[in-house]
Amino acid sequence: MPNKPPSSYVAKWVLGETPSRYFIWRGPGSREMNFATTVDLADVVPNDRFYIHNRANPPSVDVSSWTLAVHGNAVGSPKTFTYDELTDPALFEPVTIRRVLDCGANGRSFFPKFPAPPQSWPLPVGFTEWTYGTMGVADWTGVRLRDVLAAAGARDACAIKLTGLDRITVQNDDRSPPHKAAYEHVIPIEKANAADSLLVYAMNHETLPVDHGYPLRAFFSGWGGNAMVKWLGAIEVSTTPIAVPITQVNQVLTGPSYPEPVTPTAQNPKSAFELGWNATVMEGSVTLTGRAWSANATITGVEVLIERMGPGGWAPLSSGWLPATLLSAPEPMGWVRFAIPWDAAAGAYRLSCRASDDQGNTQPAPEDVPWNQHGLHYNGFVRHPVSVLPMSNMP
């Protein structure tokens, strides 16, 4: 059984230390991983460097009295499970998977902002402007969700609703005053019953940190982090469809490309350079490195395009897109580091990297990504600005 943190703690939106060297502050409960610092990471992101997105104060949980309630019309009678029961290998088989956790809003800031009226679609105002650091790879340990549902006697289920213990501020469509509600998310039973859909109690072989959902969170491989409810307190199991809760209404794709709202599920491949935005390098031999990942597939390759600013604007170097070298064997639903040499001459540049996966997906150009009001599931390649300084500028 994992070690248990203190039974109580001072309430604040982010509890762990998030030094500016490793994190970018995006709001009271939002800490983005600084992608420029991933250069020293190996296969997983340590718990104390993993991005954080808390929508409110994490709940204070006394694990000795905490229980997970499983209820609903697909369950004969409500059942509760204690922490000790869920972490007892004699009762539930422990499962560890290495997976990407990729926020559904990762890359939101790269979406073009629609102009003011007469355009009928408003700007996506009020949402966290993440770049590509709202992701990470970890070893997740827990029990299969389907095993817990079976132990509760669930039958003929159609969907489940996960309810967290945190209370977040929500706004109804009727513009009535904001109010507090538990964070909830509805999951179809097919996904809930997948072999790699877990109820997680450990992260990187340590007790799940409070900022990441202690004592228990959901994990659905390949899907956006918004579905992976933290501080889990209850699961409703229903034989009929469950109405979308108010905390999920902003988690749909809607806009000119979507005649009807679409609930996003599987993620697409993404990639980023291990460089700061507007980075500066010296001219000469440079090795560009980065990471490519897919929460729902296996990366098969990465290409890099280097463009230089000239009298006529941006122009690609004569070689165009070039294949990068993958520095390890890509892991399914994980990430891989890539590298490519560059003989850099002084000037202003923008660098692009695009990843492909084994399901035939390749990152599109930014202008080819369908815009949506809530800024979800962006996966276009990014034109990363870099300046190369001449060696003559050295003192």
Heavy-atom side-chain proximity of Val137 to Arg98 below 4.5 angstrom: yes

Decide whether Leu327 and Val336 are clustered together by the hydrophobic rule: side chain heavy atoms of Ile, Leu, Val, Met, Phe, Trp, Tyr closer than 4.5 Å, transitively. no

If only atom types and distance count, is the side chain of Glu32 paired as donor or acceptor with the main-chain N or O of Thr131 below 3.5 Å? yes

Rounded distance (nearest 0.5 Å) linking atom CZ of Arg108 with atom CG of Asn372: 8.5 Å

dist Glu206:CD -> Thr141:OG1 (nearest 0.5 Å) comes out at 11.0 Å

Ignoring hydrogens, what is the shortest heavy-atom contact between Ala218 and Met228? Give both atom names and the distance. O-CB, 3.1 Å

Look only at the side chain of Glu85 and the backbone of Thr82, and say whether a donor-acceptor pair between them is shorter than 3.5 Å. yes

So Gln251 and His374, do their side chains get closer than 4.5 Å, heavy atoms only? no

Roughly how far, to the nearest 0.5 Å, is the CH2 atom of Trp13 from the CG atom of Asp166? 10.5 Å

Using modelled atom types only, decide if a donor and an acceptor are shared between the side chain of Arg155 and the backbone of Thr239 within a distance under 3.5 Å. no

Take Trp321 and Leu305 through the test side-chain contact (heavy atoms from CB on, under 4.5 Å) and record every step on the way to the result. CA-CA 5 Å; Trp321 287 96; Leu305 176 68; 3.6 Å; yes

Using side-chain contact (heavy atoms from CB on, under 4.5 Å), reason through Tyr201 and Val63 one step at a time and then give a plain yes or no. CA-CA 12 Å; Tyr201 51 74; Val63 75; over 6 Å; no

Just so I know, are the side chains of Ile160 and Ile189 near enough to count as touching, which here means a heavy-atom distance under 4.5 Å? yes

Donor-acceptor pair, Arg49 side chain versus Leu41 backbone, under 3.5 Å? no

Just checking, any donor-acceptor pair under 3.5 angstrom between side chains of His205 and Asp139? yes

Hydrophobic cluster membership, with links at side-chain heavy-atom distances under 4.5 Å among I/L/V/M/F/W/Y: are Trp130 and Val252 in one? no

Met135 versus Met33, closest heavy-atom pair with distance: O-CE, 3.5 Å

Arg144 (side chain) donor-acceptor with Ala195 (main chain) under 3.5 angstrom: yes

Are the side chain of Ser352 and the backbone of Phe381 linked by a donor-acceptor contact shorter than 3.5 Å? no

Which heavy atom in Leu376 sits nearest to a heavy atom in Pro264, and how many Å separate them? CD1-CG, 4.2 Å

Any side-chain heavy atom of Val386 sitting closer than 4.5 Å to one from Ile306? no

So do Gln267 and Asn106 actually touch side chain to side chain, heavy atoms under 4.5 Å? no

What pair of heavy atoms forms the shortest contact from Ala339 to Thr287, and how long is it? CB-CG2, 4.1 Å

Checking side-chain contact (heavy atoms from CB on, under 4.5 Å) for the pair Ile235/Leu68: CA distance, chi angles, key distance, verdict? CA-CA 8 Å; Ile235 302 175; Leu68 174 68; 4.1 Å; yes

Between Glu367 and Arg383, does at least one N-O distance fall below 4.0 Å, as a salt bridge requires? yes

Met333 and Leu145: same hydrophobic cluster, using ILVMFWY side-chain contacts below 4.5 Å? no

Any donor-acceptor pair under 3.5 Å linking the side chain of Asp147 with the backbone of Phe92? no

What's the separation between atom OG in Ser20 and atom CH2 in Trp25, rounded to the nearest 0.5 Å? 13.5 Å

So which atom in Asn379 and which in Pro269 form the shortest heavy-atom distance, rounded to 0.1 Å? ND2-O, 3.2 Å

How many angstroms lie between atom CH2 of Trp140 and atom CG of Asn204, to the nearest 0.5 angstrom? 7.5 Å

To the nearest 0.5 Å, atom NE2 of His212 lies from atom CH2 of Trp231 at 9.5 Å

Between Gly133 and Phe35, the two heavy atoms sitting closest are CA-CD1, 4.1 Å

Do side-chain atoms of Glu283 reach the backbone of Met391 as a donor and acceptor pair under 3.5 angstrom? yes

Are Trp342 and Phe273 close enough that their ring centers fall under 6.0 Å? no

Tell me, do His384 and Trp277 make a side-chain contact under 4.5 Å, heavy atoms counted? yes

Is there a donor in the side chain of Thr38 and an acceptor in the side chain of Glu274, or the other way round, less than 3.5 Å apart? yes

Do you reckon Met203 sits in the same ILVMFWY cluster as Ile97, going by side-chain contacts under 4.5 Å, direct or chained? yes

With no hydrogens and no angle check, just 3.5 Å: does a side-chain donor-acceptor pair link Arg99 and Ser221? yes

Gln373 and Thr254 side chains, donor-acceptor separation under 3.5 Å: no

Could you check if a side-chain atom of Leu288 sits within less than 4.5 angstrom of a side-chain atom of Leu275, using non-hydrogen atoms only? yes

Is it true that a side-chain atom of Lys230 and a backbone atom of Asp211 form a donor plus acceptor pair closer than 3.5 Å? yes

Between Ser64 and Asp62, do the side chains contain a donor N or O and an acceptor N or O under 3.5 Å apart? yes

Heavy-atom side-chain contact between Asn296 and Asp357 under 4.5 Å: no

Hey, is the main chain of Thr80 close enough, under 3.5 Å, to the side chain of Thr67 for a donor-acceptor pair? no

Trp293 and Leu326: same hydrophobic cluster, using ILVMFWY side-chain contacts below 4.5 Å? no

Can you list the steps and then say if Asn193 with Leu149 is a side-chain contact (heavy atoms from CB on, under 4.5 Å)? CA-CA 9 Å; Asn193 282 335; Leu149 298 182; 4.2 Å; yes

Please report whether the ring centroid of Trp335 lies less than 6.0 Å from that of Tyr132. no

